[in-house]
Amino acid sequence: MNLIAQHADWIYLVAAVLFILTLKGLSSPTGAIAGNRYGMVGMALAVLVTLVIAPSPNFALIGLAMLAGAVIGVYRAKTVPMTQMPETVALMHSLVGLAAVLIALAAVHNGDQQHSTVQRIELFIGCFIGGITFTASVVAWGKLSAKLAAKPLKGGWVKPMQIALALGMFGFGAHYFVTESLSSFWIMTGLSIVLGYFLIAPIGGGDMPVVVSMLNSYSGWAAAGIGFTLGNSVLIIAGSLVGSSGAILSYIMCKAMNRSLLNVIFGGGMGGDDAAAGAAGEAVQRPYKSGSADDAAFMMGNADSVVIVPGYGLAVSRAQHALQEFANALTAKGVTVRYAIHPVAGRMPGHMNVLLAEAEVPYEQVQEMEEINSDFGNTDVVLVIGANDVVNPAAQRDKQSPIYGMPILEAHKARTVIVVKRSMSAGYAGLDNDLFYMDKTMMVFGDAKKVVEDMIKGVGH
């Protein structure tokens, strides 16, 4: 133990390097497993060193908390369905924010410690970021799990409320900084928690992938704040890595939606009630072609090339394994099959990649939007299964559309399009889709898993 304590800084450095290798590994499906292992080893080293160098740690309480967390985490990891993964991630972010708040409150109530000017700033920043992260993540969890309405909170009073809460939070934070008033710190904490709600509630469901990424960044900065409060260098490094990588990912996703990060953060949600209402009314009146799973299987079985565009509906129906079985059946008939992934498909960053990896889809069959968009014009059949907004041509054609300018998967350029949906209802952003009414498009209605299973039988005939 003394040897570990003497070399604590070096071990922390090794842990930090392992965290960097974790992010490197997680940037690619082929390196994800190794990346996770690097992270596990790095965290184990960091925890071990922290326990050794901590002054008079209560091992009983620490061990009990770690055991409880491990049991809950393992159980949740083994039982969570893919459809609940986005809200699970959001809920995990809320715990990081809550930890930052509780540690900051414990620090300011520690009467035996005098806080320097820098420490008071660190406590203020760490606590308000943690408070915002906590509530915002809980609201995101509620929206993603359908326990709260996905539609954005609207009204001319919302932005003034956000500004008033932010000013109040900074005002009481400044008062704490000058006077070290505990009551001011508590009020500042309360205002940050309320502000977290009003930052996320005005954001529409179509922006949830960016929100999850953004909350990942918030949780990282909250963890870095905890590190400053505790004087723990590896926690500062790990939090900064998570915070900066989450911010970069949020920027990339906003770029993929042709949105600014500030527009998303301050409630410029896509779609809305009017768009959804209009889409619902229009869908009844416009003609479209529909067919059966057998029709779709015949068309794809006789094609040379098929591109599959997965969306959230695929996760809801848990059809990924059946879809890969269908892709294998097409490949056996000499059809070239690929998957096209949009950066914001699903409800969280990388949702479709994780879904396909679970079904053991070969990595070489999965292509990102930039790689495959130029090939749609030469593709015989595009199978859109559970996706809507990421293939909506209005993003390129309709200047009045809320998603105009958003890069999309250009499925409408293929020779034939087959869309699997439960109904003609609008997507998560509340917008109708012109792709569904094109002459080259055939709609196949039903549960995605049942439809795909029927297509497997059709290809086998």
Side-chain angles (χ1 to χ4, degrees), residues 76 84-108 122-155 157-173 176 183-205 207-226 229 239 242-243 246-247 250 261-269 347-349:
R76 186 60 178 165
Q84 295 180 16
M85 189 62 74
E87 58 257 41
T88 300
V89 171
L91 202 58
M92 289 168 62
H93 292 157
S94 75
L95 297 178
V96 179
L98 181 60
V101 171
L102 294 178
I103 290 175
L105 290 173
V108 298
E122 292 166 355
L123 286 169
F124 165 58
I125 294 176
C127 189
F128 88 72
I129 293 178
I132 291 172
T133 303
F134 170 65
T135 319
S137 299
V138 171
V139 175
W141 166 79
K143 284 177 175 279
L144 290 165
S145 61
K147 290 179 172 58
L148 295 175
K151 63 182 181 180
L153 178 68
K154 291 186 174 182
W157 57 275
V158 174
K159 282 185 171 54
M161 175 65 76
Q162 292 173 334
I163 294 171
L165 288 169
L167 290 175
M169 180 186 73
F170 283 108
F172 280 101
Y176 160 76
S183 58
S184 292
F185 196 88
W186 273 98
I187 295 173
M188 179 273 295
T189 303
L191 290 174
S192 70
I193 290 173
V194 177
L195 179 59
Y197 169 81
F198 282 101
L199 281 178
I200 301 302
I203 299 178
D207 289 327
M208 277 300 112
V210 181
V211 169
V212 172
S213 174
M214 183 178 65
L215 291 173
N216 180 54
S217 179
Y218 285 0
S219 68
W221 298 124
I226 296 174
T229 300
V242 173
S250 299
L261 189 57
L262 289 178
N263 178 258
V264 174
I265 292 174
F266 293 106
R347 295 291 183 270
M348 70 176 186

Handout entry: Phe124, CZ: over 12 other non-hydrogen atoms inside 6.0 angstrom
Key = yes
Report the distance from atom [atom1] of [X] to atom [atom2] of [Y], rounding to the nearest 0.5 Å.
X	Y	atom1	atom2	value
Leu95	Leu102	CG	CG	10.5 Å
Trp141	Ile200	CH2	CD1	15.0 Å
Ser213	Tyr218	OG	OH	10.5 Å
Leu215	Ser250	CG	OG	8.5 Å

Handout entry: Phe185/Leu123 under side chain to side chain contact (heavy atoms under 4.5 Å, CB included): CA gap, chis, key distance, verdict
Key = CA-CA 9 Å; Phe185 196 88; Leu123 286 169; 4.2 Å; yes
Exercise for the section: Please answer whether the main-chain N or O of Val138 pairs with a side-chain N or O of Lys143 as donor and acceptor at a distance below 3.5 Å. Expected result: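 Side chain of Lys143 to backbone of Val138: no pair is present.
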Handout entry: Side-chain donor/acceptor of Ser217 to backbone N/O of Gly243, under 3.5 Å
Key =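 Checking the backbone N and O of Gly243 against the side chain of Ser217, a donor-acceptor pair under 3.5 Å is found.
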Under the rule for side-chain contact (heavy atoms from CB on, under 4.5 Å), what residues qualify as partners of [X], not counting sequence neighbours?
X	value
Ile125	Ile121, Phe128, Ile129
Val212	Val89, His93, Leu144, Met348, Pro349
Leu165	Met161, Leu191, Val194, Leu195, Phe198
Met92	Thr88

Exercise for the section: Measure the shortest side-chain to side-chain distance between Lys154 and Pro202 over non-hydrogen atoms and say whether it is less than 4.5 angstrom. Expected result: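 With C-beta onward as the side chain, the pair stays apart.
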Locate the shortest heavy-atom distance separating [X] from [Y]; write the atom from each residue and the value.
X	Y	result
Val242	Ser219	CG1-OG, 4.4 Å
Ile226	Ala99	CD1-C, 3.9 Å
Val101	Gly131	CG2-N, 3.3 Å
Ser184	Tyr176	CB-N, 4.0 Å
Cys127	Ser192	O-OG, 4.2 Å
Val139	Ala201	CG1-N, 4.2 Å

Exercise for the section: Identify, with sequence neighbours excluded, every residue that meets side-chain hydrogen bond (donor to acceptor under 3.5 Å, both in side chains) alongside Ser94. Expected result: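 With sequence neighbours excluded, Ser94 shows a side-chain hydrogen bond (donor to acceptor under 3.5 Å, both in side chains) to no residue whatsoever.
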Practice task
Sort and list the pairs that fulfil side chain to side chain donor-acceptor pair (under 3.5 Å) and have at least one residue in residues 128-137, not counting sequence neighbours.
Solution key: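 Qualifying pairs: none.
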